[in-house]
Amino acid sequence: MSIAPIRRTVTVKAPPQRAFERFTQQMAKWWPPSHHVGGEPFHEIVLEPRAEGRWFERDQQGREAQWGKVIAWEPPLSGKHGRVLLAWQLDASFKFDTDFVTELELTFALDGTGTRVTLEHRNLERYGDRAAELREKLDGGWPGIVEAYAAFTDFEGAR
Amino acid sequence: MRCAIFEQLARKPSPVGELSARLPVTRSAVSQHLRVLKEAGLVTDTAEGTRRIYRLDPRGIGAVRDWLDKHWSTALDAFAAYSDAQDEDK
(Lines give C-alpha, C1' and ligand atoms only; values in the text may rest on other atoms or scores of the structure.)
Protein backbone atom coordinates (compact mmCIF):
# COMPACT_ATOMS: atom_id res chain seq x y z
CA MET A 1 0.00 0.00 0.00
CA SER A 2 1.47 3.35 -0.96
CA ILE A 3 0.40 6.62 0.65
CA ALA A 4 0.93 9.97 -1.06
CA PRO A 5 3.54 12.18 0.62
CA ILE A 6 2.41 15.40 2.28
CA ARG A 7 3.67 18.52 0.47
CA ARG A 8 3.30 22.04 1.81
CA THR A 9 4.78 25.33 0.68
CA VAL A 10 4.97 28.69 2.35
CA THR A 11 6.75 31.90 1.35
CA VAL A 12 8.50 34.18 3.81
CA LYS A 13 10.09 37.61 3.45
CA ALA A 14 13.47 36.60 4.83
CA PRO A 15 16.21 35.44 2.43
CA PRO A 16 17.15 31.72 2.51
CA GLN A 17 19.98 31.93 5.08
CA ARG A 18 17.79 33.69 7.61
CA ALA A 19 14.75 31.51 6.90
CA PHE A 20 16.89 28.38 7.31
CA GLU A 21 18.37 29.66 10.57
CA ARG A 22 14.96 30.56 12.01
CA PHE A 23 13.38 27.30 10.94
CA THR A 24 16.09 25.02 12.26
CA GLN A 25 17.53 26.94 15.22
CA GLN A 26 14.55 28.89 16.59
CA MET A 27 12.00 26.13 16.38
CA ALA A 28 10.52 26.62 19.85
CA LYS A 29 9.64 30.21 18.90
CA TRP A 30 7.15 29.15 16.26
CA TRP A 31 6.30 25.44 16.70
CA PRO A 32 2.66 25.02 17.80
CA PRO A 33 3.11 24.74 21.61
CA SER A 34 0.39 22.13 22.06
CA HIS A 35 2.14 19.79 19.63
CA HIS A 36 4.62 18.36 22.13
CA VAL A 37 5.59 14.76 22.67
CA GLY A 38 6.99 14.86 26.22
CA GLY A 39 4.78 14.87 29.31
CA GLU A 40 5.34 18.59 29.85
CA PRO A 41 5.26 21.48 27.35
CA PHE A 42 8.60 22.08 25.64
CA HIS A 43 10.93 24.85 26.70
CA GLU A 44 13.33 24.32 23.82
CA ILE A 45 13.38 22.36 20.56
CA VAL A 46 16.88 21.34 19.59
CA LEU A 47 17.94 20.40 16.08
CA GLU A 48 21.67 19.70 16.23
CA PRO A 49 23.11 21.43 13.14
CA ARG A 50 24.89 18.55 11.44
CA ALA A 51 24.21 15.21 9.74
CA GLU A 52 23.43 12.60 12.42
CA GLY A 53 22.49 15.43 14.82
CA ARG A 54 19.60 14.72 17.17
CA TRP A 55 16.20 16.39 17.07
CA PHE A 56 14.40 16.64 20.37
CA GLU A 57 12.36 18.80 22.71
CA ARG A 58 13.46 19.71 26.23
CA ASP A 59 11.12 20.78 29.01
CA GLN A 60 11.75 23.37 31.74
CA GLN A 61 13.23 20.66 34.01
CA GLY A 62 15.71 19.61 31.32
CA ARG A 63 13.96 16.36 30.43
CA GLU A 64 14.33 15.45 26.77
CA ALA A 65 11.87 13.77 24.43
CA GLN A 66 13.38 12.60 21.14
CA TRP A 67 11.70 13.35 17.80
CA GLY A 68 14.21 12.07 15.28
CA LYS A 69 17.52 13.04 13.71
CA VAL A 70 19.22 14.96 10.92
CA ILE A 71 19.95 12.91 7.79
CA ALA A 72 21.36 15.73 5.61
CA TRP A 73 22.33 19.23 6.67
CA GLU A 74 22.79 21.66 3.74
CA PRO A 75 22.40 25.31 4.79
CA PRO A 76 21.91 27.79 1.91
CA LEU A 77 25.52 28.96 1.86
CA SER A 78 25.14 30.29 -1.69
CA GLY A 79 22.17 32.32 -0.53
CA LYS A 80 19.99 30.64 -3.11
CA HIS A 81 19.13 27.13 -2.04
CA GLY A 82 19.33 25.09 1.12
CA ARG A 83 17.95 21.82 2.35
CA VAL A 84 17.59 19.86 5.53
CA LEU A 85 16.52 16.23 5.49
CA LEU A 86 15.16 14.98 8.78
CA ALA A 87 14.06 11.62 10.13
CA TRP A 88 10.67 11.95 11.82
CA GLN A 89 10.70 8.96 14.16
CA LEU A 90 7.43 9.33 16.01
CA ASP A 91 5.10 6.43 15.47
CA ALA A 92 1.34 6.63 15.18
CA SER A 93 0.95 6.95 18.95
CA PHE A 94 3.62 9.73 19.04
CA LYS A 95 6.21 7.52 20.68
CA PHE A 96 9.81 7.85 19.54
CA ASP A 97 11.02 4.64 17.94
CA THR A 98 14.63 4.31 16.70
CA ASP A 99 13.57 1.60 14.23
CA PHE A 100 10.84 3.74 12.69
CA VAL A 101 11.87 6.38 10.13
CA THR A 102 9.80 8.61 7.90
CA GLU A 103 11.60 11.31 5.92
CA LEU A 104 10.83 14.99 6.27
CA GLU A 105 12.56 17.19 3.71
CA LEU A 106 12.64 20.97 3.85
CA THR A 107 14.00 23.09 1.05
CA PHE A 108 14.66 26.81 1.18
CA ALA A 109 14.76 28.43 -2.25
CA LEU A 110 15.33 32.09 -3.07
CA ASP A 111 12.09 33.58 -4.38
CA GLY A 112 12.37 37.27 -5.28
CA THR A 113 13.97 38.73 -2.14
CA GLY A 114 12.30 36.14 0.10
CA THR A 115 12.30 32.38 0.44
CA ARG A 116 9.97 29.65 -0.68
CA VAL A 117 9.96 26.95 1.97
CA THR A 118 8.78 23.55 0.81
CA LEU A 119 8.06 20.65 3.12
CA GLU A 120 7.66 17.05 2.07
CA HIS A 121 6.83 14.29 4.55
CA ARG A 122 7.18 10.91 2.88
CA ASN A 123 7.29 7.14 3.53
CA LEU A 124 3.91 7.44 5.24
CA GLU A 125 3.00 3.89 4.21
CA ARG A 126 5.46 2.83 6.91
CA TYR A 127 2.78 3.73 9.42
CA GLY A 128 0.70 1.01 7.83
CA ASP A 129 3.57 -1.48 7.72
CA ARG A 130 4.10 -0.79 11.38
CA ALA A 131 0.45 -1.38 12.09
CA ALA A 132 0.67 -4.75 10.37
CA GLU A 133 3.80 -5.57 12.39
CA LEU A 134 1.81 -4.96 15.53
CA ARG A 135 -0.51 -7.82 14.76
CA GLU A 136 0.59 -9.70 17.87
CA LYS A 137 -0.61 -6.80 19.95
CA LEU A 138 -3.49 -6.08 17.69
CA ASP A 139 -5.67 -4.52 20.34
CA GLY A 140 -3.01 -1.97 21.20
CA GLY A 141 -1.82 -1.35 17.65
CA TRP A 142 -3.92 0.17 15.00
CA PRO A 143 -6.72 1.40 17.25
CA GLY A 144 -4.09 3.62 18.90
CA ILE A 145 -3.87 5.57 15.66
CA VAL A 146 -7.57 6.22 15.68
CA GLU A 147 -7.44 7.41 19.30
CA ALA A 148 -4.59 9.79 18.54
CA TYR A 149 -6.45 11.14 15.57
CA ALA A 150 -9.63 11.61 17.59
CA ALA A 151 -7.65 13.49 20.25
CA PHE A 152 -6.21 15.78 17.58
CA THR A 153 -9.59 16.40 15.99
CA ASP A 154 -11.00 17.32 19.39
CA PHE A 155 -8.12 19.69 19.94
CA GLU A 156 -8.75 21.33 16.57
CA GLY A 157 -12.43 21.69 17.38
CA ALA A 158 -11.68 23.28 20.74
CA ARG A 159 -9.80 26.19 19.23
CA MET B 1 -6.74 -16.25 15.47
CA ARG B 2 -7.80 -12.69 14.86
CA CYS B 3 -4.15 -11.85 14.21
CA ALA B 4 -3.85 -14.70 11.71
CA ILE B 5 -6.90 -13.40 9.85
CA PHE B 6 -5.48 -9.87 9.84
CA GLU B 7 -2.22 -11.25 8.48
CA GLN B 8 -4.00 -13.19 5.73
CA LEU B 9 -5.91 -10.07 4.68
CA ALA B 10 -2.71 -8.02 4.68
CA ARG B 11 -1.42 -10.48 2.04
CA LYS B 12 -4.57 -10.70 -0.02
CA PRO B 13 -8.20 -9.52 0.16
CA SER B 14 -10.31 -12.65 0.57
CA PRO B 15 -13.84 -13.96 1.08
CA VAL B 16 -14.76 -15.84 4.29
CA GLY B 17 -14.62 -19.26 2.60
CA GLU B 18 -11.02 -18.78 1.48
CA LEU B 19 -9.94 -17.60 4.92
CA SER B 20 -11.49 -20.58 6.68
CA ALA B 21 -9.90 -22.94 4.13
CA ARG B 22 -6.47 -21.48 4.91
CA LEU B 23 -6.91 -21.42 8.70
CA PRO B 24 -7.75 -24.18 11.17
CA VAL B 25 -11.13 -22.72 12.11
CA THR B 26 -14.73 -22.97 11.00
CA ARG B 27 -16.34 -20.57 8.62
CA SER B 28 -18.62 -19.21 11.34
CA ALA B 29 -15.66 -18.56 13.64
CA VAL B 30 -13.94 -16.61 10.85
CA SER B 31 -17.12 -14.60 10.31
CA GLN B 32 -17.23 -13.74 13.99
CA HIS B 33 -13.61 -12.57 14.06
CA LEU B 34 -14.18 -10.53 10.90
CA ARG B 35 -17.12 -8.81 12.56
CA VAL B 36 -14.90 -7.74 15.48
CA LEU B 37 -12.15 -6.53 13.14
CA LYS B 38 -14.68 -4.59 11.14
CA GLU B 39 -16.08 -2.92 14.24
CA ALA B 40 -12.55 -1.94 15.23
CA GLY B 41 -12.14 -0.20 11.87
CA LEU B 42 -9.31 -2.51 10.82
CA VAL B 43 -11.12 -4.44 8.12
CA THR B 44 -13.65 -3.44 5.52
CA ASP B 45 -15.73 -5.49 3.06
CA THR B 46 -17.23 -5.09 -0.38
CA ALA B 47 -19.76 -7.20 -2.26
CA GLU B 48 -18.51 -9.01 -5.34
CA GLY B 49 -21.36 -10.95 -6.89
CA THR B 50 -22.75 -13.17 -4.15
CA ARG B 51 -19.53 -13.04 -2.09
CA ARG B 52 -18.19 -10.46 0.33
CA ILE B 53 -14.51 -9.71 -0.05
CA TYR B 54 -12.71 -8.62 3.12
CA ARG B 55 -9.65 -6.39 3.09
CA LEU B 56 -7.66 -4.17 5.49
CA ASP B 57 -9.24 -0.77 5.97
CA PRO B 58 -6.81 1.88 4.72
CA ARG B 59 -8.52 4.57 6.81
CA GLY B 60 -6.31 3.60 9.75
CA ILE B 61 -3.34 5.04 7.86
CA GLY B 62 -5.46 7.77 6.30
CA ALA B 63 -6.13 9.10 9.77
CA VAL B 64 -2.41 9.47 10.46
CA ARG B 65 -1.90 11.20 7.13
CA ASP B 66 -4.77 13.61 7.87
CA TRP B 67 -3.27 14.40 11.25
CA LEU B 68 0.18 15.07 9.81
CA ASP B 69 -1.25 17.13 6.97
CA LYS B 70 -3.05 19.42 9.43
CA HIS B 71 -0.03 19.52 11.68
CA TRP B 72 2.39 20.62 8.93
CA SER B 73 -0.05 23.17 7.64
CA THR B 74 -0.39 24.72 11.12
CA ALA B 75 3.36 24.53 11.75
CA LEU B 76 4.42 26.12 8.45
CA ASP B 77 1.89 28.94 8.81
CA ALA B 78 3.20 29.57 12.33
CA PHE B 79 6.77 29.58 11.00
CA ALA B 80 5.92 32.11 8.27
CA ALA B 81 4.11 34.36 10.77
CA TYR B 82 7.09 34.23 13.15
CA SER B 83 9.68 34.83 10.45
CA ASP B 84 7.79 37.70 8.81
CA ALA B 85 7.18 39.36 12.19
CA GLN B 86 10.95 39.34 12.84
CA ASP B 87 11.54 41.19 9.57
CA GLU B 88 8.89 43.78 10.30
CA ASP B 89 10.53 44.60 13.63
CA LYS B 90 13.60 45.89 11.86
Side-chain angles (χ1 to χ4, degrees), chain A residues 1 3-14 18-19 21-23 26-27 29-35 88 91-92 94 102 104 106 114-115 117-121 124-132 134-139 141-153 156, chain B residues 1-14 19 22-23 30 32-44 46 53-90:
Chain A
M1 198 181 311
I3 303 280
I6 291 166
R7 287 199 190 87
R8 292 266 165 193
T9 301
V10 75
T11 304
V12 296
K13 290 173 190 162
R18 243 187 286 155
E21 169 80 17
R22 285 174 187 158
F23 192 98
Q26 299 170 24
M27 220 173 246
K29 303 257 195 215
W30 56 265
W31 191 272
S34 58
H35 290 200
W88 173 267
D91 70 15
F94 301 93
T102 59
L104 183 68
L106 287 137
T115 305
V117 182
T118 304
L119 173 149
E120 182 172 301
H121 193 172
L124 301 180
E125 60 281 355
R126 290 179 190 167
Y127 280 102
D129 296 344
R130 177 49 53 97
L134 289 171
R135 59 197 165 226
E136 277 173 30
K137 305 181 250 176
L138 191 57
D139 294 339
W142 212 332
I145 296 171
V146 178
E147 277 163 36
Y149 177 61
F152 176 72
T153 312
E156 288 284 286
Chain B
M1 184 47 57
R2 225 168 272 162
C3 301
I5 293 172
F6 189 77
E7 206 175 314
Q8 288 292 333
L9 292 179
R11 284 193 198 128
K12 182 170 168 283
S14 319
L19 289 169
R22 284 201 295 261
L23 299 165
V30 170
Q32 241 167 7
H33 288 307
L34 283 171
R35 196 153 45 238
V36 174
L37 289 168
K38 213 177 137 178
E39 278 165 16
L42 296 169
V43 161
T44 181
T46 46
I53 307 293
Y54 291 84
R55 64 189 78 236
L56 298 192
D57 188 342
R59 284 175 301 180
I61 305 167
V64 176
R65 192 184 183 283
D66 281 355
W67 189 91
L68 289 166
D69 200 18
K70 288 199 187 91
H71 164 69
W72 290 124
S73 165
T74 306
L76 277 190
D77 286 350
F79 167 68
Y82 166 71
S83 183
D84 286 351
Q86 298 287 104
D87 290 318
E88 271 153 25
D89 288 348
K90 285 175 188 160

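Sequence lines set the chain letters: A, B, ... in the order given, protein chains first and strands last, and positions in each chain run from 1.
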Item checked: Ring centres under 6.0 angstrom apart (B:Trp72, A:His35) -> no

Check: Considering all heavy atoms of both residues, which atom of A:Trp30 and which atom of B:Ala78 are nearest to each other, and what is their separation?
Finding: O-CB, 3.2 Å

Quick one: [atom1] on [X] to [atom2] on [Y], what's the gap to the nearest 0.5 Å?
{"X": "A:Gln26", "Y": "B:Ser83", "atom1": "CD", "atom2": "OG", "value": "8.5 Å"}
{"X": "A:Lys29", "Y": "B:Gln86", "atom1": "NZ", "atom2": "CD", "value": "7.5 Å"}
{"X": "A:Leu119", "Y": "B:Phe79", "atom1": "CG", "atom2": "CZ", "value": "11.0 Å"}

Next item on the list: Select one option (side chain, backbone, both, neither) describing which atoms of A:Thr9 are under 4.5 Å from chain B's heavy atoms.
Entry: backbone

Validation row: [X], [Y] side chains within 4.5 angstrom (heavy atoms):
{"X": "A:Arg8", "Y": "B:Asp69", "result": "yes"}
{"X": "B:Tyr82", "Y": "A:Val12", "result": "no"}
{"X": "B:Asp87", "Y": "A:Arg22", "result": "yes"}

